[in-house]
Amino acid sequence: MSKPTPLSGFPEWLPQQRLIEQEILGRVRRTFELYGFAPLETRAVEPLDQLLRKGETSKEVYVLRRLQADENDTSDAALGLHFDLTVPFARFVLENAGKLQFPFRRYQIQKVWRGERPQEGRYREFYQADIDIVDRDTLPAHYEAEIPLVIGDALSGLPIPRVTVQVNNRKVLEGFYRGLGIDSTEDVLRQVDKLDKIGPAKVVELLKNQGLSEAQATQVLKLAEIKAADSSFADQVKQLGVSDPLLDEGLEELVRVVDTAVAEKPGLIVADLRIARGLDYYTGTVYETLLEGYERFGSISSGGRYDNLATAGKDVFPGVGISIGVTRLLAILFGRDALTASRSVPTCVLVAVNSEEERPRSVAAAAALRRNGIPTEVAPSAAKFGKQIRYAERRGIPYVWFPGESGSVKDIRSGEQVDADAATWAPPQEDLRPIVSGTA
RNA sequence: GUGGUCGUAGCUCAGCUGGUAGAGCACCGGGUUGUGGUCCCGGGGGUCGCGGGUUCAAGUCCCGUCGAUCACCCCA
């Protein structure tokens, strides 16, 4: 059999990378729980009509089909892999509304699938770490201010470059456009979103091609260029002289989000009135998160408020949430060797073997160490000690244990060796587990 | 899904206008008859992504395909 080749868009990490990924996922999870989000996992598939109902246009959904499915068997025909965690969550809320307490806050860390053309930082299978808060009938606006704080906490605790959460509000954009007499909001947003890439002149041109007047296009551009780290953006908007109730409502909400962030975590947030992205179910605040130095890879964490995602008859569950694109984050940092683990295995101690006859003594020492929670493995063979030490060195294992009448343990980084008892010895806390650190 | 660029040992790459594969690092062994990381000596490893075509002859040209990457689309 010839050597297998990778599958485009389905990244697989090496153990040392997976070690880092697990460490990151663990820290993110603990931060989510620190804020009281409850754990949840939903199935990988959803009925296709559910998936297509909101948001996703289509072709990007992977459909599930049995290999031997009968032509007439339609039982699985309408299932697709979820492309995010918000849509499945909305479904879950509706399904279990009677068993949940509202407001309901949950986190969900799972893989999602999208049938897109892969490139660096965009994959067909990737992890999302998602938090959402939903309430019944109405959702207080303060939750929209809380979300970025959680993300800021989760990400700033990691050994990664600084992040900035960019916020905007759909109501500001829609209200402003409406005040200008524009009704093709979606199309306008799409062009405005290209501002960074193609520049203001071309955006205006594209807008005019869409039927906007010179004046309208100019105003749209002026709004998009507003950006501020505090609530001063609101005055700048008002100076443009457009008035609309929805615009005012949006501004008020956005000011609140920004003010909260400025008070709690200065420097985390910036109001940027050009950002409009996210799936089309967003109705209020929207978030995007950029990694300093890696802006060209786009957002590593996005989300927003949605009022109509979870609705069934009279029941309405408005929500707000955000997702961290863990795989994207890791891939772009791995790509530049910006994340490293102090070792490639969990092992803290390698117990040397004097001779195969004496292996039981090594096995016993290892067992004693493990009883104290120290990850330990026994050397693969009774090779020369130099080779056994090298086995540890190659993997970054910090300690080698030499069993004997009185055991001794060597820190192979310093070369220091001391007599020790396997039943009581313990490494410094920081050596117990691999340490993940940033090098950027 | 559309279009462009790229694809030689584990890694970084060399290989002129086609003539039957090389370096550095890494790895393995020995010097060092049981405590590594230096140094010296030696060694293994590539169907040149894969498949087909042109040619006496292809890593080198052509087509396809897979993979990586970029742009569009869209988005974590």
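Fair warning: this is a prediction, and the values are worked out from it, not measured in the lab. To find a chain, count down the sequence lines: A is the first, B the second, and so on, and within it residues start at 1.
The partner of B:rU33 is absent, by the rule that a Watson-Crick or G-U pair needs both atom distances under 3.5 Å. Within the shown strands, B:rU2 is the pairing partner of B:rA71 under the Watson-Crick or G-U definition, both distances less than 3.5 Å.
Ring to ring, A:Tyr62 and A:Phe83 are not that close: their centroids are 6.0 angstrom or more apart.
For the pair A:Val150 and A:Phe32, the minimum side-chain heavy-atom distance is below 4.5 Å.
Nucleic acid contact for A:Gly298: none, since no nucleic acid atom lies under 4.0 Å from a heavy atom of the residue. A:Ala383 comes within contact range of at least one nucleobase, with a heavy-atom separation under 4.0 Å. Heavy atoms of A:Ile412 sit under 4.0 angstrom from at least one base atom. A:Lys111 comes within contact range of no nucleotide atom at all, as no heavy-atom separation falls under 4.0 Å.
With B:rU2, B:rC74, B:rG34 as the candidates, the nucleotide lying closest to the side chain of A:Arg117 is B:rU2. Distance from the side chain of A:Phe297 is smallest to B:rC70 among B:rG34, B:rC72, B:rC70. Nearest to the side chain of A:Phe402, among B:rU35, B:rG34, B:rU69, sits B:rU35. Between B:rC74, B:rG36, B:rG34, one nucleotide has an atom nearer to the side chain of A:Phe385 than all others, and that is B:rG34. When distances are taken from the side chain of A:Glu393 to each of B:rU32, B:rC70, B:rG36, the shortest belongs to B:rG36. Listed nucleotides B:rG36, B:rC70, B:rC74 differ in distance to A:Glu60; the shortest reach to its side chain belongs to B:rC74.
Here, B:rC28 and B:rG36 have their C1' atoms 16 Å apart, quoted to the whole Å.
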Under 3.5 Å, which protein N or O atoms sit close to an N or O of nucleotides 63-68 of chain B? Give each pair with its distance.
from   : atom 1 : to     : atom 2 : distance (Å)
B:rG67 : OP1    : A:Ser8 : N      : 3.1
B:rA68 : OP2    : A:Ser8 : OG     : 2.5

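Applying the side-chain hydrogen bond (donor to acceptor under 3.5 Å, both in side chains) rule to pairs touching residues 32-41 of chain A yields A:Glu33-A:Tyr107, A:Tyr35-A:Asp153, sequence neighbours excluded.
Listed pair A:Arg394 / B:rC27 meets the phosphate criterion, a side-chain N or O lying under 4.0 Å from OP1 or OP2. Taking side-chain N and O atoms only, A:Lys410 has no distance below 4.0 Å to OP1 or OP2 of B:rG36.
Two residues, A:Phe126 and A:Asn354, neighbour RNA chain B, and the one matched to the more 5' nucleotide by heavy-atom proximity is A:Asn354.
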